[in-house]
Amino acid sequence: MGGAVTQPVLALNGVSRSFGPIEVLHGVDIALHPGRVHALIGENGAGKSTTMKIMAGYQPASSGTIAVDGQTRTLASMGEAEALGISMIHQEFNLAEQLSVEQNIFLGRELKRGWLLDKAAMRAKTRELLDRLQCDVSPDRIVSTLSNSDKQMVEIAKALLRDIRVLIMDEPTAVLTRTETDILLGQVRRLRAEGVAVLFTSHKLDEVAEIADDLTIMRDGAVVWTGPTAQMNEHQMAEAMVGREVSDLYPPKDGTPGEMMLEVSDFGVPGYSEGISFTLRRGEILGVAGLIGSGRTETFEGLAGLRRAEGQVRIKGQPVTIRHPWEALQHGLAYLTEDRKTRGLLLDKGMGENLTLLALWKFTRGLLDKRAEAAALETAIADFDIRGSQAVAVGQLSGGNQQKLLFAKTMLADPEIVVIDEPTRGIDIGTKQQMYQFIRQLAASGRAIVVISSEMQEVIGLADRILVLRRGQLTGTLDGAEATEDAIVRLAMGVGAATPEKETV
Amino acid sequence: MSATATQPRKIQMSVIGPVLALILLIILGALMNPNFLGWNNISNVLSRSAFIGIIAVGMTFVITAGGLDLSVGSSAAFIAGLMILVMNTALPSMGVGVPIVLLGMAVALVAGVAVGLINGLLITKLGIEAFIVTLGSMGIYRSLVTWLADGGTLSLDFSLRSFYQPVYYGGVFGVSWPIIVFAVVVVLGEILMRSTAFGRHCAAIGSNDQVARYSSVRVARVRLATYVMLGVLVGVATIMYVPRLGSASASTGLLWELEAIAAVIVGGTMLKGGFGRVWGTVIGVLILTLIGNILNLTDFVSPYLNGAIQGAIIVLAVVLQRANKPA
Amino acid sequence: MSATATQPRKIQMSVIGPVLALILLIILGALMNPNFLGWNNISNVLSRSAFIGIIAVGMTFVITAGGLDLSVGSSAAFIAGLMILVMNTALPSMGVGVPIVLLGMAVALVAGVAVGLINGLLITKLGIEAFIVTLGSMGIYRSLVTWLADGGTLSLDFSLRSFYQPVYYGGVFGVSWPIIVFAVVVVLGEILMRSTAFGRHCAAIGSNDQVARYSSVRVARVRLATYVMLGVLVGVATIMYVPRLGSASASTGLLWELEAIAAVIVGGTMLKGGFGRVWGTVIGVLILTLIGNILNLTDFVSPYLNGAIQGAIIVLAVVLQRANKPA
Amino acid sequence: GVSIPAATHGWAGGMNYFAQTTVDRLEETYPQLDFVLATASDPARQVNDIEDMMATRGIDALVVLPFESEPLTGPVMAVSDAGVWVTVVDRGLAVEGIEDLYVAGNNPDFGRVSGEYMVSAMPEGGQIVVLRGIPTTIDNERVEGFQAAIEGSGIEIIGMEHGNWNRDTSFTVMQDFLSRHPQIDAVWASDDDMAVGVLAAIEAAGRSDIQFVLGGAGMKEMIQRVMEGDTMIPADVTYPPSMIATAIELTAVGLVSSAPVSGEFIIGSVLVTQDNAENFYYPDSPF
Ligand SMILES: Nc1ncnc2c1ncn2[C@@H]1O[C@H](COP(=O)(O)OP(=O)(O)OP(=O)(O)O)[C@@H](O)[C@H]1O
Ligand SMILES: Nc1ncnc2c1ncn2[C@@H]1O[C@H](COP(=O)(O)OP(=O)(O)OP(=O)(O)O)[C@@H](O)[C@H]1O
Ligand SMILES: [Mg+2]
Ligand SMILES: [Mg+2]
């Protein structure tokens with residue numbers, strides 16, 4: 001690939017950034033070269049997103065300089081950065097939910113014929129961009145009805161529309177499946193060939209190893225390593241990020257199944273799934289695999305009373321009907337959503353208020369016991385290693401730390417049956433390991449656990465048994481031993497058939 | 001996905017709902033009185049819808065962009081008062097004729113722009129909630145017109161009024177001017193909302209102003225523009241209103257703001273912003289006007305209960321529209 | 001983000017802002033009239049704040065949970081009318097005494113619950129926008145009271161009124177009942193908002209009802225409860241109101257809804273929901289009442305302009321509070 | 001067709017009552033007549049009502065109590081031009097000669113009678129406060145008439161605010177007047193609804209300096225108090241809401257017979273004192 005001797009198209013020199021009294025970036029140096037892909041990795045809260053926002057002009061640096069084409073500049077606004085050809089895809093979705101796909105992609109740069117919009121041209125262009133990403137949603141779909149991965153594709157299409165020299169992507173693959181990731185990486189290669197400088201972050205180190213030419217590793221707001229990716233293997237990357245040895249990611253499956261906790265038969269959520277039966281015992285971790293759109297989320301949301309569902313459910317042998325989420329909780333069943341931003345956390349509230357929302361009754365002794373709440377927060381921060389200032393709204397926390405907080409919030413309610421949907425989305429590898437251990441401990445302490453995950457490795461590594469869903473139907477149950485990626489994929493896609501990986505819904 | 005599967009149907013219902021309510025009302029009216037569908041009555045209803053209608057079109061943009069304006073009724077009164085005052089003052093020097101009417105119209109439009117600018121700047125520059133700003137200006141303009149009129153009524157000189165009256169009562173091919181102007185405003189509004197960048201930006205801001213800002217939309221400017229546009233439309237409505245009654249007082253335009261907002265929401269625009277529909281607003285306005293008209297056609301309810309019937313029908317119209325929305 | 005950097009300071013200012021505005025008003029009042037700080041005037045101001053104040057406390061919860069209620073003024077009138085009617089009817093059989101007053105109070109509370117339930121159920125079960133539902137019920141109750149009063153005034157029987165009057169005029173240690181009840185409502189409201197699960201749930205729902213639902217909050221029930229609570233408080237306010245003049249008419253409680261909402265927002269609660277402050281609402285109510293009081297105590301402005309001054313001060317009070325918020 | 005303002009305050013309420021009962025009664029008496037009664041909450045709506053009566057109900061006669069004179073002039077003129085009988089009640093139109101029949105109270109006269117009573121009750125002068133109605137021409141005329149009548153009498157108006165013909169507002173305003181002025185000799189409340197609020201405020205403050213309160217319009221409770229010789233309410237000035245009944249009745253008579261009923265009927269304001277109060281007492285009226 002192109003030599004690193006070219007002048008960097010965009011560089012940060014000694015950039016620091018403070019929020020109030022807290023400095024989160026300490027003298028960061030990073031340089032992007034045209035025609036090269038640069039990966040930025042680090043733990044949750046290391047300052048990756050902040051660095052990227054400064055590079056894209058969304059936030060000012062507190063000190064230090066930004067150089068574009070070797071010239072020091074102040075990027076006063078993202079408009080200015082955009083004019084220089086710098087475009088960014090945010091970690092959190094940055095789409096107007098009530099607008100259509102096409103309206104979002106062209107927002108702020110609508111094509112016009114005279115005064116009026118040239119809708120035909122915009123729709124055609126949208127189609128073309130989405131086709132390039134092999135995404136088949138209609139340009140007229142309202143964004144709020146899209147799946148997370150489709151939203152991500154729309155974000156990418158939006159960035160591709162711009163005339164870019166620098167593309168900055170903050171965890172673009174967190175919500176994508178492997179196939180979609182491959183499509184994205186294909187686009188990245190194409191851009192690289194066109195001479196675009198690409199900066200991206202990911203907690204999936206295999207992707208980093210696969211595509212990045214250059215690598216920068218951050219820890220606690222400072223750069224700890226930078227150089228060509230080829231000099232590092234995945235293991236070394238993980239170590240440099242976390243600052244310690246990361247050995248076995250998954251804890252041993254040493255649980256002994258106990259009493260029957262959950263029996264589900266002929267269960268389904270109309271329109272999404274039907275005829276699903278399974279059982280779950282204390283101490284067991286049940287993995288649920290399937291392609292995005294296979295109805296896993298909806299099925300378990302149905303189980304948790306968040307959607308209308310049909311079928312028989314028994315908890316500890318007793319038949320129950322759960323029509324509302326609080327009824328689920330009364331039966332000891334909690335569901336941890338995959339969508340932390342719009343369903344998981346109150347982004348404009350503090351950590352404390354979010355943490356205790358689900359389990360508020362535990363803190364009610366007539367009135368709320370605020371001291372107990374504060375103590376619970378301290379415990380949660382320690383247990384889950386949540387990093388970030390307690391004074392700010394949780395919307396300002398780094399994505400991974402939000403996920404940890406969501407985890408802590410659900411666990412605070414002491415559920416006996418926990419359904420965890422995409423537990424490690426956007427979580428760094430060190431914390432992942434902690435989380436897996438934590439989930440195993442929960443099982444060992446007699447909880448029954450369901451883990452829904454799109455990461456095949458995670459399901460295989462963590463679960464005692466695996467359910468595979470396809471188009472809302474249960475296509476198979478695999479035991480820990482026989483679970484291989486291949487077996488899951490076969491079930492998930494319909495054996496041997498060359499079905500596209502993404503289900504059309 | 002069923003969420004997606006029901007989505008189109010839900011939109012359908014919210015599209016058809018207000019239309020259905022309107023049709024029901026028309027059938028009801030026709031059954032109650034044979035004159036209801038006479039051109040005379042239709043023309044009356046449409047003309048009087050025009051004031052609120054023109055304002056409500058502007059309100060649709062303000063609400064779509066996540067704003068609100070409580071001051072339209074009193075600013076209409078204020079603009080009417082100002083217009084009358086200016087025209088009466090200019091009368092001795094200018095005499096009755098087209099120029100003085102044009103002067104009056106210019107005053108109304110300029111005052112409308114000013115009113116919109118003041119509201120808009122306070123909201124966008126100082127970042128005060130639209131509710132408070134426009135509640136404040138509502139009080140201010142209402143007081144100002146009372147003060148201008150010295151507690152009484154400001155009246156357009158009678159000769160001037162006779163000259164100016166055709167602007168309300170006259171028309172082309174039997175269609176009166178207010179109806180024509182209303183139609184033009186609606187068509188332009190619909191185009192603006194659906195087929196220009198401005199309309200999209202309004203919806204984007206109302207949906208999520210942060211996102212709009214990140215997409216290089218000039219949020220403050222678009223917001224300001226919605227208020228100015230509303231101000232201008234209030235001016236336009238006033239231009240039609242003054243020749244009808246030839247006067248302005250403290251009770252002019254009372255509660256127009258509630259009516260305009262209600263029309264917008266009955267028409268299917270969301271109060272939270274992010275989604276607006278100009279033609280829906282027209283349906284909303286017609287529903288509201290027709291209720292009053294139909295109550296005048298019959299007298300089997302005590303006039304004291306008119307308000308109750310109106311309230312009930314407004315709620316029913318919206319129930320029709322959202323009937324299949326889950327709790 | 002710069003918004004975040006100023007966050008702590010902004011909260012400070014939004015806390016201090018309304019208090020500052022209140023203090024400025026008090027100083028102004030004291031300078032203008034020596035009687036202003038007399039116990040008599042203070043007592044008057046506090047007593048008359050009580051009606052709107054008690055309602056505004058309830059409104060704080062409704063708005064915090066992302067709702068709105070435009071019907072409080074007319075439901076107050078309706079409840080007052082009903083109460084008077086029931087008491088007058090029961091008078092021949094029950095005679096003047098404590099039981100009949102208790103009956104009246106019970107009627108007010110039950111009617112309050114009913115009013116709140118109806119609004120709340122329409123909003124939560126049918127999913128109609130609060131604005132529309134309460135706009136409708138506003139018209140309905142206003143009409144009903146006009147109809148009950150036959151267009152005139154419903155007056156409590158004279159002997160009964162004299163007996164009942166101490167509920168407004170009497171008190172303990174020179175502090176009148178309305179003030180005491182208001183204080184109790186405020187203290188309970190403050191505790192409920194800050195220190196109970198209910199208050200948290202209201203804020204959570206107003207902030208993001210989807211998140212609240214996923215967090216096992218009974219969204220519909222909490223929302224409903226805020227409306228019922230507001231209804232009850234309207235009943236309580238009416239219980240204090242009726243003995244004051246012993247009458248109810250179509251003009252009772254006119255525009256109370258706007259005043260109550262304005263008080264809530266001037267006090268720093270967000271109209272969008274998600275964040276509410278009961279003590280702020282109290283400050284808001286006092287600011288609004290004091291403006292009127294001061295205007296009555298002085299006369300260097302034309303009374304026609306009272307509304308303008310009120311409007312301007314409301315906006316100013318909020319400017320003070322948000323002065324350093326970026327555009 | 002009968003078009004009147006909605007019952008937004010006591011007097012209007014009384015007027016609504018009289019209109020309604022007269023319509024009911026006349027419908028029985030004259031089966032050949034059909035009545036349409038509409039109430040409006042602002043001038044524009046009143047114009048709507050009148051337009052609707054013309055367009056859809058085909059009325060032969062219109063009895064209108066204009067919400068405000070100016071705005072209604074044009075529309076009523078259009079009605080008259082269409083050959084419909086027009087009776088105007090209370091508030092004259094801005095152009096003379098439109099109406100066939102005019103039945104009215106006299107607002108300047110109302111102010112004058114009130115003022116003259118004030119002067120006679122306080123021959124050596126004194127300090128009074130005044131509560132005004134909703135800012136309208138009616139209110140202006142009354143206050144001007146009043147001010148003209150007390151001119152030079154030594155009576156000084158030390159405070160004047162709008163009570164909006166509303167009991168609650170007047171109560172508040174009066175409370176504040178009481179805080180502000182240590183000595184008030186009398187109050188001109190200019191309306192009986194406002195007088196109710198004023199009396200309550202005085203009573204609550206326990207002030208004894210105020211000798212009397214003069215209301216107006218002839219509310220039954222007030223008339224009763226005058227009748228009973230209440231010293232706080234020694235008199236009242238009429239402005240009878242029943243004038244609408246007179247107007248409707250006269251119009252109906254005009255339609256069914258050939259009796260000559262056109263012209264003007266001005267119902268002057270009469271001072272009600274204990275001596276004549278009985279004649280003005282209508283216990284069944286809501287006002
Ligand atoms: N607006 C803000 N106000 C206060 N603190 C902030 C703000 N934005 C970010 N931070 C803090 O800065 C630190 C770095 O956050 P950043 O989002 O850059 O982390 P990250 O490396 O992207 O983590 P993740 O992998 O979890 O996305 C975190 O501790 C975060 O809480
Ligand atoms: N109406 C909707 N509004 C918003 N998001 C939706 C809606 N319907 C589905 N989604 C989201 O679409 C995504 C796909 O959902 P689905 O249940 O079909 O797939 P899944 O099997 O749960 O896959 P995954 O969990 O991997 O996303 C989920 O993230 C879901 O939350
Ligand atoms: Mg990040
Ligand atoms: Mg899912």
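By convention in this document, chain letters (A, B, ...) are assigned in the order of the sequence lines, proteins followed by strands, and residues within each chain are numbered from 1.
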Looking at [X] and [Y], what are the two nearest heavy atoms and their distance?
X: A:Asn44; Y: A:Gly426; result: ND2-O, 3.0 Å
X: A:Ser389; Y: A:Ile22; result: CB-CD1, 3.4 Å
X: A:Ala304; Y: A:Ile322; result: C-CG2, 3.9 Å
X: A:Lys349; Y: A:Asn354; result: O-ND2, 3.5 Å
X: A:Gln59; Y: A:Arg17; result: OE1-NE, 3.5 Å

Q.
For C:Gln210, give me all partners under side-chain contact (heavy atoms from CB on, under 4.5 Å), at least two apart in sequence or on another chain.
A.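 Once residues adjacent in sequence are excluded, the partners of C:Gln210 under the side-chain contact (heavy atoms from CB on, under 4.5 Å) criterion are A:Arg343, C:Asn208, C:Arg213, C:Tyr214.
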Q | Test side-chain contact (heavy atoms from CB on, under 4.5 Å) applied to C:Ile191 - qualifying residues, sequence neighbours left out | A |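 For C:Ile191 the side-chain contact (heavy atoms from CB on, under 4.5 Å) partners, ignoring immediate neighbours, are A:Leu367, C:Val187, C:Ser195.
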Is it true that [X] and [Y] make a salt bridge, defined as a side-chain N closer than 4.0 Å to a carboxylate O?
X: A:Asp414; Y: A:Arg447; answer: yes
X: A:Lys370; Y: A:Glu373; answer: no
X: A:Lys409; Y: A:Glu353; answer: no

Q | Output field: ring centroids A:Phe384/A:Phe407 closer than 6.0 Å | A |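 Distance test on ring centres: under 6.0 Å, yes.
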Q: Using a cut-off of under 4.5 Å on heavy-atom pairs, state which of C:Gly274, C:Ala197, C:Gly199, C:Ala203 scores highest against chain A.
A: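 It is C:Ala197.
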Check each atom of [X] against the heavy atoms of chain C and say whether the ones under 4.5 Å are side chain, backbone, both or neither.
X: A:Leu345; result: backbone
X: A:Gln330; result: side chain
X: A:Thr356; result: side chain

Q) Counting a contact as any heavy-atom pair under 4.5 Å apart, which residues of residues 216-230 of chain C contact chain A? A)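 C:Ser216, C:Val217, C:Arg218, listed by number.
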Q. What residues of residues 52-68 of chain C sit under 4.5 Å from chain A when you count only heavy atoms?
A.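 Interface residues of residues 52-68 of chain C: none, nothing closer than 4.5 Å to chain A.
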Q: Mind ranking A:Thr364, A:Leu357, A:Leu329 by heavy-atom pairs under 4.5 Å with chain C and telling me who comes out on top?
A: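 Looking at each option in turn, the highest pair count goes to A:Leu357.
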Q: Find the one option among A:Thr337, A:Thr342, A:Asp369 whose heavy-atom pairs under 4.5 Å with chain C are most numerous.
A: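 When all of A:Thr337, A:Thr342, A:Asp369 are compared, A:Thr342 has the most.
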Q) What's the spacing between A:Thr50 OG1 and A:Lys48 NZ if we round to 0.5 Å? A)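 If I round to the nearest 0.5 Å, the distance is 9.0 Å.
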